[in-house]
Amino acid sequence: MFQKIESNGYEIEVGSLENTSFSEFLDGYSQVKKLILVDENTHDHCLEYLLTAFNGLEDAEVMLMPCGEENKVLEVCFQVWEAWTDYKIGRKDLVINLGGGVVTDMGGFIASIYKRGIDFIHIPTSLLAMVDASVGGKTGIDLGMHKNQLGVFSNPKKVFVDAGFLTTLPNVEIKNGFAEMIKHGLILDRKHWENLKSIDFDDKASLTELIFESINIKNNLVKVDPFEKNERKKLNFGHTFGHAFEGFFMGEAVLLAHGHAVAIGIIAESYISFERKLLSEANFIEISTLICSHFEIPTFKNEWVDLIFNLMLNDKKNFDEKVQCVLLSDIGECIVDQPIYKKDLMLVMDLFANLNS
Ligand SMILES: NC(=O)c1ccc[n+]([C@@H]2O[C@H](COP(=O)([O-])OP(=O)(O)OC[C@H]3O[C@@H](n4cnc5c(N)ncnc54)[C@H](O)[C@@H]3O)[C@@H](O)[C@H]2O)c1
């Protein structure tokens with residue numbers, strides 16, 4: 001048994017891969033070359049299952065990419081495009097992105113640009129990629145400290161979500177995906193938020209149900225607004241501050257993972273919501289307490305404020321030369337296009353210092 005979600009012209013199938021239509025889907029590509037994109041970890045932990053459990057992948061070319069956000073860059077894309085050109089990959093061939101959000105974002109981008117676009121599917125292997133990165137058609141790569149600065153909207157042919165892959169995913173990465181699930185509950189669905197409070201990361205059956213809930217929340221937004229004109233903007237909650245924090249740490253010795261950055265971005269944007277009297281203090285405390293029980297807040301230095309705010313000023317979501325943000329009006333409700341100023345960032349820095357003391 002598997003559950004099916006209709007998206008914009010493609011389906012997301014949630015369940016054990018062997019029970020989904022993956023085999024039949026591959027049959028449709030029996031006459032063409034198949035390329036499986038993996039990073040070092042999904043090569044070691046996820047690839048063998050795919051190659052041994054399914055017919056039709058015996059001759060697949062496996063392309064290994066270096067893992068980590070620092071490799072979601074144009075230089076790696078060039079290498080893959082050159083290799084595909086050498087392998088004579090054609091317009092009818094199929095790319096299978098097997099990995100976390102870095103592989104699905106970059107693999108989708110590489111496939112969408114190559115020969116003006118070849119078919120690709122996602123098999124997400126991290127929780128974050130299952131509930132977020134593989135859904136909604138955004139593909140892209142980073143440019144220096146600027147997250148996802150280069151990219152295109154491009155839909156996969158299918159997405160197959162199998163929580164079985166999570167058995168080898170380190171706990172810290174599970175929590176990164178949990179941050180995006182929290183976001184989904186907070187912006188749109190109080191029930192999902194409540195369900196997440198008692199999440200058991202080891203209970204795969206209950207996890208599959210929560211993953212399904214979370215994908216549905218995101219998918220309902222991207223279906224009505226695929227190009228982020230209105231409703232889809234809600235998904236940026238936690239990301240105005242989160243992307244700037246993540247980008248800032250790309251220039252430091254220790255990176256801040258995307259999910260971790262979003263988690264503290266959610267605290268920041270919930271706090272601004274409370275400061276502007278949109279969100280009650282009780283709700284703010286409920287949110288920050290849950291997040292702080294899973295994520296550490298890094299130490300921020302006051303002299304970093306200008307650089308972090310500069311990153312916010314370059315955010316793709318801005319208009320009217322103002323930093324734009326999503327704020328909460330309740331748990332399960334939000335409002336978009338709220339301006340953010342440097343003084344808000346300074347308030348957040350004070351909050352973080354207090355939470356850390
Ligand atoms: N396109 C979108 O809409 C969207 C949405 C949210 C996030 N993103 C992007 O997603 C990226 C973050 O994704 P992520 O957190 O999955 O990062 P990631 O792809 O770097 O994966 C995290 C780590 O887990 C490893 N890994 C993945 N699956 C594994 C498995 N089953 N077993 C063992 N190790 C495994 C990876 O090799 C990596 O080391 C960011 O670049 C972010 O910008 C995109």
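Owing to the predicted nature of the structure, the values given are computational and were not obtained by experimental measurement.
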Is there a donor-acceptor contact under 3.5 Å linking the side chains of [X] and [Y]?
| X | Y | result |
| --- | --- | --- |
| Asp39 | Thr42 | yes |
| His239 | Glu246 | no |
| Glu213 | His184 | no |
| Glu286 | Trp193 | yes |
| Asn236 | Glu228 | yes |

Report task. Check the hydrophobic clustering (I, L, V, M, F, W, Y; side-chain heavy atoms under 4.5 Å; chains of links allowed) and say if Val172 and Ile291 are grouped together. Result -> no
Report task. Look at the rings of Tyr271 and Phe274 and say which category their plane angle falls in: under 30° parallel, 30 to 60° tilted, over 60° perpendicular. Result -> tilted
Query raised in the report: Would you call the rings of Phe78 and Trp81 parallel, tilted or perpendicular, where under 30° means parallel and over 60° means perpendicular?
Result: perpendicular
Give a yes or no on whether the backbone of [Y] and the side-chain of [X] come within a donor-acceptor separation of less than 3.5 Å.
| X | Y | answer |
| --- | --- | --- |
| Asp119 | Leu94 | no |
| Thr139 | Val152 | yes |
| Lys233 | Asp337 | no |

Answer whether the closest heavy-atom distance between the side chains of [X] and [Y] falls below 4.5 Å.
| X | Y | result |
| --- | --- | --- |
| Asn171 | Lys175 | no |
| Glu18 | Phe54 | yes |
| Lys218 | Arg232 | yes |
| Lys158 | Glu11 | yes |
| Leu221 | Ile187 | yes |

Before we go on, tell me: are the rings of [X] and [Y] under 6.0 Å apart, centre to centre?
| X | Y | result |
| --- | --- | --- |
| Phe300 | Phe249 | yes |
| Phe309 | Tyr341 | no |
| Phe178 | Phe201 | yes |

Value rounded to 0.5 Å, distance of [atom1] in [X] from [atom2] in [Y]:
| X | Y | atom1 | atom2 | value |
| --- | --- | --- | --- | --- |
| Leu74 | Ile141 | CG | CD1 | 4.5 Å |
| Ile96 | His122 | CD1 | NE2 | 12.5 Å |
| Leu235 | Lys183 | CG | NZ | 5.0 Å |
| Arg190 | Ile331 | CZ | CD1 | 4.5 Å |
| Ile199 | Leu207 | CD1 | CG | 5.0 Å |
| Gln79 | Ile110 | CD | CD1 | 9.5 Å |

Query - ring pair (Phe, Tyr, Trp, His ring centres under 6.0 Å) between Phe160 and Phe2, intermediate numbers included - result: CA-CA 10 Å; Phe160 295 100; Phe2 67 92; 8.4 Å; no
Report task. State which residue, out of Asn71, Val80, Val38, Val102, fulfils the side chain to side chain contact (heavy atoms under 4.5 Å, CB included) condition with Met65. Result -> Val80
Report task. Test ring pair (Phe, Tyr, Trp, His ring centres under 6.0 Å) on Phe109 and Phe120 and set out the steps. Result -> CA-CA 10 Å; Phe109 177 70; Phe120 65 93; over 10 Å; no
